[in-house]
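Submitted below is the structure of interest, expressed as C-alpha cells.
Each residue takes its place number in the sequence, starting with 1. These values consider heavy atoms only, across backbone and side chains, with no hydrogens, waters or symmetry-generated copies.
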Amino acid sequence: QVQLVESGGGLVQAGGSLRLACATSGRTFSGYAMGWFRQAPGKEREFVATISWGGGSTSLADSVKGRFTISRDNAKNTVYLQMNSLKPEYTVAYYCAATNSRGSYYSFTGPRNPQDVDYWGQGTQVTVSS
C-alpha cells in the first residue's frame, strides 16, 4: 500500500505562486510514476501533470503549460507541483497520484485518465483570490 500525503495548499492572490508537495510512505516509492490531478465540486477529476519515476519525462496539461512545473526528489520520496501565475479558476482541490511504472521507469510518465491511477492522496485545497 502506498500512502500519499499532500501539503502546500492554501490561499493565494491571483498572479501568485504555490508549491504543492506530496510525500509518500508505506510501500516503496520506487518504480512509481507520480502525478497531480485537480477536481472542482461537481466535476470530474482532471489531469494536471505527471512525471516518470526517473524524473526525466514529464507531461503537462495544455492549460497549465508555462505556468506549472512538476518535479520529484526520490531521496525524499516526494513529488512537487510548482504553480506560478495562478488564476482564480485554479481554485480547486489538487490530488496527488501514484501509478506503478511496471518496468518503464524512465519513459512512463503516468496516466492522464484518473481511472488508471493506482493510489490517491486525500487532496489539498488551493484558493486563488481575484
Side-chain angles (χ1 to χ4, degrees):
Q1 184 80 15
V2 174
Q3 297 173 328
L4 311 176
V5 179
E6 299 101 332
S7 62
L11 175 65
V12 64
Q13 289 188 332
S17 298
L18 280 176
R19 188 176 79 156
L20 305 183
C22 173
T24 67
S25 62
R27 192 173 173 178
T28 180
F29 185 63
S30 179
Y32 279 78
M34 301 297 295
W36 291 93
F37 290 71
R38 61 189 180 189
Q39 187 171 22
K43 294 189 176 182
E44 294 185 352
R45 194 164 295 186
E46 65 175 13
F47 165 77
V48 175
T50 53
I51 187 168
S52 63
W53 174 78
S57 298
T58 62
S59 181
L60 292 166
D62 289 343
S63 60
V64 303
K65 284 181 179 177
R67 296 176 183 269
F68 291 9
T69 303
I70 186 170
S71 62
R72 67 189 292 163
D73 185 340
N74 287 349
K76 296 181 179 180
N77 291 342
T78 302
V79 62
Y80 304 95
L81 184 68
Q82 178 67 43
M83 306 187 295
N84 299 327
S85 303
L86 287 166
K87 301 188 288 186
E89 52 261 47
Y90 293 157
T91 296
V92 292
Y94 286 76
Y95 294 86
C96 181
T99 306
N100 195 319
S101 301
R102 294 170 176 80
S104 299
Y105 301 127
Y106 299 97
S107 59
F108 179 68
T109 56
R112 290 189 171 215
N113 187 338
Q115 295 183 356
D116 295 328
V117 170
D118 292 330
Y119 299 100
W120 292 103
Q122 80 287 354
T124 185
Q125 178 67 35
V126 170
T127 301
V128 184
S129 63
S130 58

Nearest atoms (heavy-atom pairs only) where Tyr95 meets Gly121 =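 So the minimum-distance heavy-atom pair works out to CD2-O, 3.6 Å.
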
Any side-chain heavy atom of Arg112 sitting closer than 4.5 Å to one from Thr50?
->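 Result no, sub-4.5 Å side-chain heavy-atom pair not found.
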
Minimum heavy-atom distance Asp116-Thr99, with the two atoms named |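 Closest approach of Asp116 to Thr99: O-CG2, 3.7 Å.
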
For Lys76, does its backbone N or O pair with a side-chain atom of Thr78 as donor and acceptor, under 3.5 Å?
->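 Yes.
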
Under the ring pair (Phe, Tyr, Trp, His ring centres under 6.0 Å) rule, what pairs show up with a residue in residues 50-82, not counting sequence neighbours?
->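 Ring pair (Phe, Tyr, Trp, His ring centres under 6.0 Å) check on residues 50-82 returns Trp53-Tyr105, Trp53-Tyr106, Phe68-Tyr90.
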
Would a distance-only check, ignoring hydrogens and angles, find a side-chain to backbone donor-acceptor pair under 3.5 Å from Arg72 to Ser52?
->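 Between the backbone of Ser52 and the side chain of Arg72 there is a qualifying donor-acceptor contact (under 3.5 Å).
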
Got a second to check how far Arg45's CZ is from Gln115's CD, nearest 0.5 Å?
->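 Interatomic distance, Arg45 CZ to Gln115 CD, rounded to 0.5 Å: 11.5 Å.
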
Which heavy atom in Val5 sits nearest to a heavy atom in Gln122, and how many Å separate them?
->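 Scanning both residues completely, I find the closest heavy atoms to be CA-OE1, 3.8 Å.
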
Tyr119 reachable from Val79 in the ILVMFWY side-chain graph, under 4.5 Å edges =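 Same hydrophobic cluster.
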
Hey, could you give me the CZ/CG distance between Arg38 and Leu81, rounded to the nearest 0.5 Å?
->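 Taking CZ in Arg38 and CG in Leu81, the distance rounds to 9.5 Å.
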
Looking just at side-chain N and O atoms, do Asn84 and Ser17 make a donor-acceptor pair shorter than 3.5 Å?
->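 Yes, because at least one side-chain N or O of Asn84 sits under 3.5 Å from a partner of the opposite role on Ser17.
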
Measure across Ser130 and Pro88 and return the closest heavy-atom pair with its distance rounded to 0.1 Å.
->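 Answer, listing the atom of Ser130 first, then Pro88: CB-CG, 3.9 Å.
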
Donor-acceptor contact present, side-chain Thr109 to main-chain Ile51, <3.5 Å =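 Looks like no, no N/O pair under 3.5 Å.
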
Can you tell me how far CD1 of Ile70 sits from CD of Gln82, rounded to the nearest 0.5 angstrom?
->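 Interatomic distance, Gln82 CD to Ile70 CD1, rounded to 0.5 Å: 12.0 Å.
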
Set of ring pair (Phe, Tyr, Trp, His ring centres under 6.0 Å) partners for Trp36, sequence neighbours left out =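 Ring pair (Phe, Tyr, Trp, His ring centres under 6.0 Å) list for Trp36, sorted by chain: empty.
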
Val126/Thr91 under side-chain contact (heavy atoms from CB on, under 4.5 Å): CA gap, chis, key distance, verdict = CA-CA 5 Å; Val126 170; Thr91 296; 5.9 Å; no

Is any side-chain heavy atom of Val117 less than 4.5 Å from a side-chain heavy atom of Pro111?
->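 The answer is yes; the side chains approach within 4.5 Å.
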
Derivation of the side-chain contact (heavy atoms from CB on, under 4.5 Å) call for Leu20 and Ser7 = CA-CA 6 Å; Leu20 305 183; Ser7 62; over 6 Å; no

Could you tell me the separation between the CZ atom of Phe47 and the CG atom of Asn113, rounded to the nearest 0.5 Å?
->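 Phe47 atom CZ to Asn113 atom CG measures 11.5 Å (nearest 0.5 Å).
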
Straight-line distance of Thr24 OG1 to Tyr32 OH, nearest 0.5 Å =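 Rounded to the nearest 0.5 Å, the OG1-OH separation comes out at 10.0 Å.
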
Enter the distance from Lys87:NZ to Ser63:OG here, rounded to the nearest 0.5 Å.
->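 The distance works out to 8.0 Å.
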
Determine yes or no for a side-chain-to-main-chain donor-acceptor pair under 3.5 angstrom, with Arg67 supplying the side chain and Ser85 the backbone.
->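 Yes, because the side chain of Arg67 sits within donor-acceptor range (under 3.5 Å) of the backbone of Ser85.
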
Glu6 versus Gly123, closest heavy-atom pair with distance |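 Taking Glu6 first and Gly123 second, the nearest heavy atoms are OE1-N, 3.0 Å.
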
Between Ser25 and Gln3, does any side-chain donor sit less than 3.5 Å from a side-chain acceptor?
->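 Yes.
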
Would a 4.5 Å heavy-atom cut-off, applied to side chains only, mark Leu86 and Leu18 as touching?
->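 Yes, at least one pair of side-chain atoms sits under 4.5 Å.
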
Could you pull out all residues at least two apart from Asp62 that satisfy salt bridge (Lys or Arg N to Asp or Glu O under 4.0 Å)?
->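 Asp62 satisfies salt bridge (Lys or Arg N to Asp or Glu O under 4.0 Å) with Lys65 only.
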
State, to 0.1 Å, how close Ala98 and Leu4 come at their nearest heavy-atom pair, and which atoms those are.
->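 Result for this residue pair: N-CD1, 3.8 Å.
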
